[in-house]
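Beneath this line is the structure, given in C-alpha cells, with notes to follow.
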Number of protein chains: 2
Amino acid sequence: MTTPRFKCKKCMDRLCMHKVPILSSLDIEDLKKIMGLIHHKEYNKGDTLVFVGDTMDSVVIINEGSVKAYKNTSDGREQILYVFSEGDFFGEQNLFRNQTATYTVEALQAVKTCNLSRKQFQELLYSFPEIAVKIIDELGNRMNRLENALQSIGVRNVDNRIGSILIEFAEKYGIKDEEGIIIQLPLSREGIANYLGVARETVSRKFSQMENDGLIRSLSNKEILIPDLDKIEAIAGIN
Amino acid sequence: MTTPRFKCKKCMDRLCMHKVPILSSLDIEDLKKIMGLIHHKEYNKGDTLVFVGDTMDSVVIINEGSVKAYKNTSDGREQILYVFSEGDFFGEQNLFRNQTATYTVEALQAVKTCNLSRKQFQELLYSFPEIAVKIIDELGNRMNRLENALQSIGVRNVDNRIGSILIEFAEKYGIKDEEGIIIQLPLSREGIANYLGVARETVSRKFSQMENDGLIRSLSNKEILIPDLDKIEAIAGIN
DNA sequence: CGGACCATTGATAATTGTCAAAATTCGTGG
DNA sequence: CCACGAATTTTGACAATTATCAATGGTCCG
C-alpha cells in the first residue's frame, strides 16, 4: 500500500485512463466524464485479485504493475494463460456472458487497478461505441496469442518456445540500450516454466546454455540483456 | 458433389439456417429475409477452404460435414486449433479486424457451407443485434476452449488429454446406444495426435491400451464405442 | 548479517518421439 | 460382392528429450 501521496487523486485518474488503450480514443472531455465512474484498488505482490469460480461484477483494468492469469490442475500444476500489465484488462467475459471466473489472477508485483462495475461498463459501451470496437480488437489479439501459444506448446520444441517468450517479453517490456535490449522479466523462472508448459529446471538449463552461447546475459534474476534479437528470432523459428 | 436432387433449393436454405445457432433466435419471417443473402459452396474431403494468409471477405458457416483449422510450423508439423462442424462458423475475425486468415481450414469430409459476405454480415448484425450477442457468446466459448486446451497440452499428461478429447467428441458427436456411447470420430489418428500435440504412434498406443483395459472399443478406424463414460472422465481428470 | 526464497546443476528415471516394418482398413473397380 | 492396392494404423525397438529428485549455490530484503 505505497500510494504516492504527492499525486493528487485527479492526476492518478488521468494517468490511469491515459494508459488504457481501450479508452485512448476518447478526448479529455469524455475522459473527465468517465473519471468519476472508476473505482481504484491496490494489491501487494502475491495477492490474489480473482479466484477461479468467483462471481465477477466488474471489469478490471491494470493501471500499474502486472498480474498472471492461470489455471491449476488437481495435482497443483499451474498453467499461466496470460500476463496482464499496464493497460490490459480482464473480467469482461464475466459481464458479457453469464459465467464465473475461468482463471485465477494473482499480482506479480504491487498492482493498482481501475475497476468498472458491470453497470458502469455497460453505460460506457453505450455512450462510447468506439470502445466496443477496441475491446473486440483486443479480444481478437488475445485469441491470436492463445492460438499461437497452443501451437507453441503443442508442436514446437523447448528452444523455440524459450525464444518466443523472450521475443514476446522484449516487445512488451524491453528497453533499448547501447548493449542491446534489456528486459525486466515479469515472471520468475518458475513462472516462465508454467507459461511454457515445461519444468522449472528446464528453463534454468536452457537459459544457462543460451548464456554460454552468448545469446543472453543475465543481469539479475529478473533482468536479462539480449545483445542481438535476430539470433533469438532464429532460435524461436521464423514460423 | 452429391447434392441431393430431391431437396429443393429453398428447403436447403431453410435447413441451413435452422442448423446455425447464431441465427436460431430469428423467427421464420426473419429467416426468409436472410435466405437470399446466403451463398452456398461445396467442398470435397481434403479440399482447403482457406489458406493461412488469405484475405477473407466473408464469414463461413458449416452447414454439413466438418473441417479442421490448423497452423503449420516451418518443418511441417501441424497443430489443429479447432474442429468446426454443423452450425459452427469461422472467418469472423477477418471481418471485425483487419487481418488475414491466421489458420488454414481443410475439409475432413464432404462439406457444404453457407457464406455471408462482409457487407451482408454487417447488415445482418445491424438488423438483428441479437446475433451479435450470440457471436460474442460463441467467441467466449471458443476462448474458454482454447484456454482449456492450452492447459491440457501444457501441464496434463497424455492419458488426461486423450480422455479429454474423447469426452469432447462424445459430447459433440456421440450417439447413445444400449452398449454405451458410439462416437463418429471426425479426425484420423494423426488428426487426433495433431490436436493433442503428440505423435501419431502415441495415440495408437494409448488407444490400444485403453481397449485392453476395456475403456473403449474400436468399431472401425473412425468409430469407437465408450461403454462407460465415467471411467473416461476419471482418466481425463476431473480438473 | 541472516534467513527465506529462488535459481542452478547433477544424476537418473520416465515418457514420448522416431524410425522401420507388419497388419489392418478402406475405397475402388471389376 | 469380392479382390486389390493404397492409405492408415498398429506394433516393436530404440533414441532423445525432458521431468524428477536431491543438493548446492546465489540473491534479495528486512
Side-chain angles (χ1 to χ4, degrees), chain A residues 2 44-46 68 73 75-79 106 108-110 152-163 165 183-213 216-224 235 237, chain B residues 1-2 44-46 68 73 75-79 106 108-110 152-163 165 184-213 216-225 235:
Chain A
T2 52
N44 292 316
K45 175 177 175 175
K68 64 176 176 180
T73 51
D75 61 339
R77 285 161 195 267
E78 170 182 308
Q79 176 66 45
E106 186 183 315
L108 294 167
Q109 312 149 24
S152 235
I153 296 190
V155 298
R156 302 171 76 214
N157 65 38
V158 176
D159 294 281
N160 288 161
R161 286 185 253 167
I162 298 258
I165 205 180
I183 304 175
Q184 298 287 343
L185 296 172
L187 294 172
S188 65
R189 296 289 181 277
E190 180 161 21
I192 292 173
N194 293 342
Y195 197 49
L196 298 180
V198 297
R200 221 179 340 154
E201 295 92 331
T202 302
V203 174
S204 267
R205 277 185 255 268
K206 296 292 182 186
F207 270 36
S208 297
Q209 194 186 318
M210 290 176 82
E211 187 148 21
N212 281 338
D213 297 348
I216 61 173
R217 213 160 75 216
S218 179
L219 304 180
S220 79
N221 275 351
K222 285 283 182 75
E223 199 177 32
I224 62 169
I235 286 174
Chain B
M1 303 300 182
T2 53
N44 293 316
K45 175 178 173 173
K68 63 176 176 181
T73 51
D75 61 338
R77 285 160 194 265
E78 171 181 308
Q79 177 65 46
E106 185 182 317
L108 294 167
Q109 313 149 23
S152 236
I153 296 191
V155 298
R156 302 171 75 214
N157 66 36
V158 176
D159 294 282
N160 288 162
R161 286 185 252 168
I162 298 257
I165 204 179
Q184 297 286 343
L185 296 172
L187 294 172
S188 65
R189 296 289 180 279
E190 179 160 22
I192 292 172
N194 293 342
Y195 198 47
L196 299 180
V198 297
R200 218 177 342 150
E201 295 92 330
T202 302
V203 174
S204 267
R205 276 185 257 268
K206 294 293 183 185
F207 271 35
S208 297
Q209 193 185 321
M210 291 177 83
E211 185 147 21
N212 281 338
D213 297 347
I216 61 174
R217 213 158 75 216
S218 178
L219 305 179
S220 79
N221 275 352
K222 285 285 184 78
E223 199 177 30
I224 62 169
L225 173 85
I235 286 174

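Treat the numbers as computed from the prediction; the structure is a model and nothing was measured. A note on names: the letters A, B, ... follow the listed sequences, proteins ahead of strands, and every chain is numbered from 1. Any value given below was found using the heavy atoms of this structure, including those in side chains, with hydrogens, waters and symmetry copies removed.
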[N] [atom2] sits how many Å from [X] [atom1], rounded?
X: B:L196; N: C:dT16; atom1: CG; atom2: P; answer: 12 Å
X: B:N194; N: D:dT9; atom1: CG; atom2: P; answer: 11 Å
X: A:I192; N: D:dT18; atom1: CD1; atom2: P; answer: 16 Å
X: A:Q109; N: D:dC28; atom1: CD; atom2: C1'; answer: 15 Å
X: B:E223; N: D:dT8; atom1: CD; atom2: C1'; answer: 17 Å
X: B:D75; N: C:dG17; atom1: CG; atom2: P; answer: 14 Å
X: B:I216; N: D:dT9; atom1: CD1; atom2: P; answer: 13 Å

* **End axis versus end axis in the helix from C:dC1-D:dG30 to C:dG30-D:dC1, the angle rounded to 10°, five pairs used at each terminus** =>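 One end's axis against the other's: 50°.
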N/O donor-acceptor pairs under 3.5 Å from side chains in residues 199-206 of chain A, not counting sequence neighbours:
from, atom 1, to, atom 2, distance (Å)
A:K206, NZ, A:D159, OD2, 3.3

* To do: Could you please spell out the steps behind the side-chain contact (heavy atoms from CB on, under 4.5 Å) verdict for B:I153 and B:Q79?
  => CA-CA 11 Å; B:I153 296 191; B:Q79 177 65 46; 3.9 Å; yes
* With a cut-off of 6.0 Å (strictly less than), are more than 12 heavy atoms of other residues, nucleotides or ligands near NZ of A:K45? -> no
* Hey, does the side chain of B:R189 reach the backbone of B:N221 with a donor-acceptor pair shorter than 3.5 angstrom? ->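 Checked: pair present.
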* Under 3.5 Å, side chain of A:R161 to main-chain N/O of A:R156, donor-acceptor pair present? ->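 Answer holds: yes.
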* Structure fact -> Going 5' to 3' through nucleotides 2-15 of chain C and flagging B where a protein heavy-atom sits under 4.0 Å of the base, S where only the sugar-phosphate is that close, and - otherwise, we get -----SBBBB----
* **First encountered from the 5' end of DNA chain D, between A:S220 and A:G197** =>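 That would be A:G197.
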* Quick one: closest heavy-atom pair of A:F207 and A:I216, and the distance? => O-CD1, 3.7 Å
* Asked: What do the steps show when you test A:I235 against A:I162 for side-chain contact (heavy atoms from CB on, under 4.5 Å), and what is the final call?
  -> CA-CA 8 Å; A:I235 286 174; A:I162 298 258; 6.0 Å; no
* Stepwise side-chain contact (heavy atoms from CB on, under 4.5 Å) test for A:V158 and A:L196 -> CA-CA 8 Å; A:V158 176; A:L196 298 180; 5.8 Å; no
* Begin from the C-alpha positions of A:M210 and A:D213 and carry the test side-chain contact (heavy atoms from CB on, under 4.5 Å) through to its verdict. => CA-CA 5 Å; A:M210 290 176 82; A:D213 297 348; 5.6 Å; no
